[in-house]
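Lettering of chains follows the sequences in order, A, B, ..., and the numbering in each one begins at 1. Hydrogens, waters and symmetry mates play no part in the numbers below; they use all other heavy atoms, side chains included. Please read all numbers here as calculations on a predicted model, not as lab measurements.
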Number of protein chains: 2
Amino acid sequence: MSETQAPTKSDANQRSPFPNPDQQTAKKLAQTVERAAKVFADKSLRFTKLRQQVFEEIAATHASIGAYEILARLGDKGTRVAPISIYRAIDALLDAGVIHRLESKNAFFACRRTDHTVKGRRPIFLSCEKCGAVGEVDGQHIFDLIGEAAKEAKFTPRIKFVEVQGLCPRCTAAAEKA
Amino acid sequence: MSETQAPTKSDANQRSPFPNPDQQTAKKLAQTVERAAKVFADKSLRFTKLRQQVFEEIAATHASIGAYEILARLGDKGTRVAPISIYRAIDALLDAGVIHRLESKNAFFACRRTDHTVKGRRPIFLSCEKCGAVGEVDGQHIFDLIGEAAKEAKFTPRIKFVEVQGLCPRCTAAAEKA
DNA sequence: CGGACACCTGTTATGATATAACTATAACCG
DNA sequence: CGGTTATAGTTATATCATAACAGGTGTCCG
Ligand SMILES: [Zn+2]
Ligand SMILES: [Zn+2]
Ligand SMILES: [Zn+2]
Ligand SMILES: [Zn+2]
């Protein structure tokens with residue numbers, strides 16, 4: 001781990017959902033992978049080589065990434081696998097809760113928080129239309145209200161998706177300058 | 001819950017989001033098509049033959065339907081067109097606001113209300129996992145809260161998706177009996 | 001140890017969703 | 001009418017996702 005200050009759970013969850021990209025160093029990535037490995041270990045799941053490789057490609061960017069883009073990037077690094085293998089790894093990562101699926105783009109991104117690995121807990125996804133960056137913000141209250149609205153219509157809710165497309169802080173600032 | 005009077009605009013918006021399927025008569029469908037035609041006319045857009053055919057296939061069911069399913073059903077009726085033509089018609093129908101896209105299923109369904117043809121106004125979508133039925137409920141307050149949550153993260157929201165998967169009233173009742 | 005078992009991956013094929021690029025035709029307007 | 005724009009046809013391809021079956025790997029227990 002780290003010498004100065006290992007990030008605690010609450011640190012990770014209270015950071016801005018859109019951190020500065022140059023915080024995304026190799027060291028950061030290694031920490032993120034380490035965290036994912038721990039999630040797998042805690043659930044007695046196997047963080048296999050392929051799953052780690054797929055996770056690293058997803059976590060290497062703050063943007064969402066499609067399965068075939070992962071496939072291509074692994075291919076560039078000499079790991080040739082079939083699409084189905086990527087999808088199987090993705091499924092395992094989704095089940096573990098270390099990545100999320102962005103429904104509105106059919107793409108995936110790494111979870112940067114520590115409290116989304118429990119089934120059913122879903123945050124609000126914020127996806128930048130300019131640079132692709134994806135952030136998550138908590139919204140338990142909003143999900144509760146959605147559940148109530150559904151029940152008023154006699155509908156029994158099971159899974160709720162809330163996704164927002166727009167401009168991330170960086171791209172918002174860039175647009176305002178122009 | 002029973003009236004003899006013809007439905008007015010406000011009636012259409014206040015009906016249950018999951019009407020009884022046997023209300024979906026040929027006459028109802030014709031009225032829905034009529035309403036769509038009026039939306040196109042009001043916006044000086046062309047409700048062409050292909051667009052009408054595609055809309056009829058979508059409006060013929062309360063479930064969501066994929067583009068290739070529309071393609072197949074039109075094919076059965078003798079209208080052979082290429083996928084791209086279906087998608088172009090769908091785009092026009094989406095722009096007009098007479099259908100909606102269900103992101104979590106990559107499928108489309110007819111809007112049964114009269115106040116969703118304005119860009120930006122989006123309801124909450126309720127999609128039944130058992131029978132496929134899709135309903136819409138208003139949720140302006142919820143969308144406002146989502147916008148506020150996004151802005152707190154310095155994110156500029158543009159489009160917000162709220163989709164719920166679960167059981168529609170009918171399937172909920174059926175499940176409770178069992 | 002070694003066999004049973006569960007789980008993971010490889011291989012091949014295919015299904016499902018969506019768009020690019022170019023051509024042809026139809027509607028609209030002065 | 002003729003120019004302009006919107007719509008649709010044609011062909012090809014990109015992108016997203018899974019089925020089916022064979023083979024390999026780790027783990028556990030007798
Ligand atoms: Zn998360
Ligand atoms: Zn951005
Ligand atoms: Zn609607
Ligand atoms: Zn149902």
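Residues A:V81 and B:P83 both approach DNA chain C. Their nearest nucleotides, taken by heavy-atom distance, put A:V81 toward the 5′ side. Mapping A:N106 and B:L50 onto DNA chain D by nearest heavy atom places B:L50 at the nucleotide closer to the 5' end.
Put simply, A:Y87 has a side-chain N or O that comes within less than 4.0 Å of OP1 or OP2 on D:dA17. Look at A:R46 and you won't find any side-chain N or O under 4.0 angstrom from OP1 or OP2 of D:dG26. Taking side-chain N and O atoms only, B:T48 has no distance below 4.0 Å to OP1 or OP2 of D:dA6. A:S85 has no side-chain polar atom (N or O) that falls below the 4.0 Å cut-off from OP1 or OP2 of C:dC8. For the pair B:R51 and D:dA6, the criterion of a side-chain N or O lying under 4.0 Å from OP1 or OP2 is not met.
Rounding to whole angstrom units, CD1 of residue B:I84 and P of D:dA12 are separated by 15 Å. Rounded to whole Å, atom P of C:dA20 lies 11 Å from atom CG of B:D91. Residue A:L71 contributes atom CG, which lies 14 Å from atom C1' of C:dG10 at whole-angstrom precision. When rounded to the nearest whole Å, the span between CZ of B:F40 and P of D:dT7 equals 9 Å. Going from atom CG of A:L45 over to atom P of D:dT25 covers 21 Å, rounded to whole Å. Counting to the nearest Å, the C1' atom of C:dC8 and the CD1 atom of A:I86 are 14 Å from each other. Residue B:Q52 contributes atom CD, which lies 15 Å from atom P of D:dT7 at whole-angstrom precision. Between B:E103 atom CD and C:dT17 atom C1' there is a gap of 13 Å when expressed in whole angstrom units.
With ring centers used as reference points, B:F161 lies 6.0 Å or more from A:F161.
Between the CG atom of A:L45 and the CG atom of A:D95 there is a distance of 8.0 Å, given to the nearest 0.5 Å.
The aromatic rings of B:F47 and B:F40 lie tilted to each other, with the angle between the two planes from 30° to 60°. Classification of the B:H116-B:H100 ring pair by plane angle, with boundaries at 30° and 60°, yields tilted.
Nearest nucleotide to the B:Y68 side chain, out of C:dT17, D:dT18, C:dC8: C:dT17. Candidate nucleotides D:dT10, D:dC16, C:dT11 were compared by shortest atom distance to the side chain of A:A82, and C:dT11 ranks first. For B:F108, the listed nucleotide lying nearest its side chain is C:dA18; candidates were C:dA18, D:dT7, C:dT9.
Side-chain atoms of B:Q165 and B:S104 form a donor-acceptor pair, as typed in the model, at a separation below 3.5 Å.
The residue A:R101 sits close only to the backbone: its heavy atoms come under 4.0 Å of sugar-phosphate atoms, none of a base. Residue-level contact check: B:R88 touches the bases, meaning some heavy atom is under 4.0 Å from a base atom.
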